[in-house]
Amino acid sequence: MALVKICEVLGGCHENEKVAIRGWVYRKREGKTLIFLLVRDSTGFIQCTVKKDSPAWTEAERLTIESSLTLEGTAKPDKRAPGGYEIVAESVGIIGLAELFPITKDQSEQFIRDVRHLWLRSRRMNLVMKIRDDVLQFSRDFFKNQDFTEVSPPMFISAAVEGGSTLFGLKYFDQNLYLTQSSQLYLEILIYSLEKVYCIAPSFRAEKSRTIRHLTEYWHMEGEWPFADMNDLMRFEEELMAYICRQTAEKCKPELEELGVDVSKLASVKTPFPKITYTEAVELLRKKGAKLKWGDDLGYEEEKTLAEEFGKPFFVYDYPTAIKAFYCKTYRDRPEVAMSVDMMVPRIGEVSTGGAREDDKAVLIKRIKDMGLKTEDYEWYLDLRRYGTVPHVGFGMGLERLLVWMLDLENIIDAIPFPRTTRRFYP
RNA sequence: GCCGCCGUGGCUCAGCCCGGUAGAGCGGCUGGCUGUUAACCAGUCGGUCAUAGGUUCGAAUCCUAUCGGCGGCGCCA
């Protein structure tokens, strides 16, 4: 008897054949002469019926919600069954008899989060995790096709990437180290030998942000490459984004539809994206009544206003130098403007930040000092400008933020299996 | 860091404004019924109302503090 996945049966591959499935009990309805079992595996759900005179009856009676089992029977088309197919059981083998499962039909946000390790079994989380896997795969495919090399940066770091207070500190034997908040500086090291490099790795932020778009540990997709400028950067980012969206729309259509996501939103992502300068953004916002002046950073409200204006992914570039990090390259004739670009999407705001990196040693040293940082902390970074410096660009994209936009998730915690927020880190 | 909201059986909630013996649904258990679709009917078990203090003859209810959770802003991806 063939051991099959549930999706195969639902697809009609085993009509009127004897099959065996392995999975978990999702629902059970018990009658005097008939038991209905809704069994799930990683691929879907199928209704199984157990009749009173079946040898499977005794074991089926004992089954509880979320018990694991093997079930053998005949796959039959049946209009009364959800999915159009059911398995008429001939034998049931209990693998793990479940205790009373705590998640029932009445659920609150709080409870679902308290039992995250069990909630991950839900259909919804299952679908999101599968799409997440595909999005990662599409991303890697795109980088690979563009001749990028995937590299593995460290998570333990000895100095701040941006000199901020948002780092998690930790004891490293008898030294103080930090968890990385970006792998950018390490990618910059590697472009001198591998040229185009990227990584998909965690970044950690100790910001006490309490919003639906912040995690303290998130997956950061970062790329860095030499001999490139702002135009190359924006072109790459928009092509990457469009590729991911269109591939997802094409390859994950059933999952997207089951999640209630409008597939056309993703299928219709096309390049080039709208691009406006920071200065234009400020003007546009002022016309709409916002009280901000050139030099002010764009807050979440401003980003949302702009995003509503475009209704799709777009870029804001050429920010004031003063609100950007020390490594941002500035225009030689306009040092008050930095070659920095953010990609924004509706509802979320920033999904990525990138830019040209300062490649002139003298300018970089001045910038480090102006920001109140110590050049001693960045000696190896300065070495990169001493030995064969090269113009280069790079960016970092928040994977979970991307997924929130793509899948219309209500909260970023649902874009990652084990979310870490300021208050949640269990299990 | 600042601001707002929430905490009552295993789960979801009502009761709180206006103080007077703690309620319902779901789940569990028992029985009945049914090709069921997170079924239905009857019965039953189950709560020191987050914690601590205060006001009061009397506090789930009013006041104070603490703890836990959620969200908004700031900061960021």
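A quick note: this is a predicted structure, and the numbers were derived from the prediction, not measured. So you know, we letter chains A, B, ... as the sequences are listed, proteins then strands, and number each from 1.
Residue side chain A:Gln47 reaches the base of B:U36 through a donor-acceptor N/O pair under 3.5 Å, judged by distance alone. The base of B:C76 lies outside donor-acceptor range of the side chain of A:Thr166, with no N or O pair under 3.5 Å. A:Thr49 contributes no side-chain N or O that forms a donor-acceptor pair with the base of B:G35 under 3.5 Å. At a cut-off of 3.5 angstrom, counting only N and O atoms as typed in the model, there is no donor on one side facing an acceptor on the other between the side-chain of A:Glu109 and the base of B:G71. Under 3.5 Å, the side chain of A:Arg424 and the base of B:C70 form no donor-acceptor pair of N or O atoms.
Atom P of B:A24 sits at a distance of 16 Å from the matching atom of B:A14, rounded to the whole Å. B:G19 and B:G74: their P atoms are spaced 42 Å apart (whole Å). B:G20 and B:A59 have their P atoms separated by 11 Å, given to the nearest Å. Taking atom P on both B:C70 and B:U8, the two are 15 Å apart, rounded to the nearest angstrom. Straight-line distance between the C1' atoms of B:A22 and B:C63: roughly 23 Å, to the nearest whole Å. With P as the reference atom, B:G53 and B:A60 are 14 Å apart, rounded to whole Å. Atom name P, nucleotides B:C16 and B:A77: the rounded distance is 48 Å, in whole Å. Taking atom P on both B:C67 and B:A39, the two are 42 Å apart, rounded to the nearest angstrom.
Checked against A:Glu400 for a side chain to side chain donor-acceptor pair (under 3.5 Å), the options A:Arg213, A:Arg132, A:His220 give a single hit: A:Arg132.
For A:Asn411 and B:G71, the shortest distance from a side-chain N or O to OP1 or OP2 is below 4.0 Å. The side chain of A:Arg29 contributes an N or O atom lying less than 4.0 Å from OP1 or OP2 of B:A39.
Pairing for B:G23 goes to B:C13, judged as Watson-Crick or G-U wobble with the two contacts each under 3.5 Å. Of all nucleotides present, only B:C63 satisfies the Watson-Crick or G-U wobble test against B:G53, with each distance under 3.5 Å. With a 3.5 Å ceiling on both atom-pair distances, the Watson-Crick or G-U wobble partner of B:C73 is B:G1.
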Nucleotide N/O of nucleotides 44-46 of chain B paired with protein N/O under 3.5 Å:
none

Pick out the pairs of N or O atoms, protein on one side and nucleotides 3-11 of chain B on the other, that lie under 3.5 Å.
from	atom 1	to	atom 2	distance (Å)
B:C11	O2'	A:Asp106	O	2.1

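For RNA chain B, the neighbouring residues in residues 291-308 of chain A, judged by any heavy atom under 4.0 Å, are A:Asp297, A:Gly299, A:Tyr300, A:Glu301. Within residues 266-279 of chain A, no residue places a heavy atom under 4.0 Å from RNA chain B.
For residues 11-32 of chain A, the pairs satisfying ring-ring contact (aromatic ring centres under 6.0 Å, His included) are A:Tyr26-A:Phe45, with sequence neighbours left out.
Stacking here means ring centres nearer than 5.5 Å and ring planes tilted less than 30 degrees, and by that measure A:Phe36 does not stack onto B:G35.
In this structure, A:Lys28 atom NZ and B:G35 atom C1' are separated by 17 Å, rounded to whole Å.
The salt bridge (Lys or Arg N to Asp or Glu O under 4.0 Å) check on A:Lys366 picks up A:Asp370, with sequence neighbours excluded.
Remark: A:Lys144 does not engage A:Glu150 in a salt bridge, criterion side-chain N to carboxylate O under 4.0 Å.
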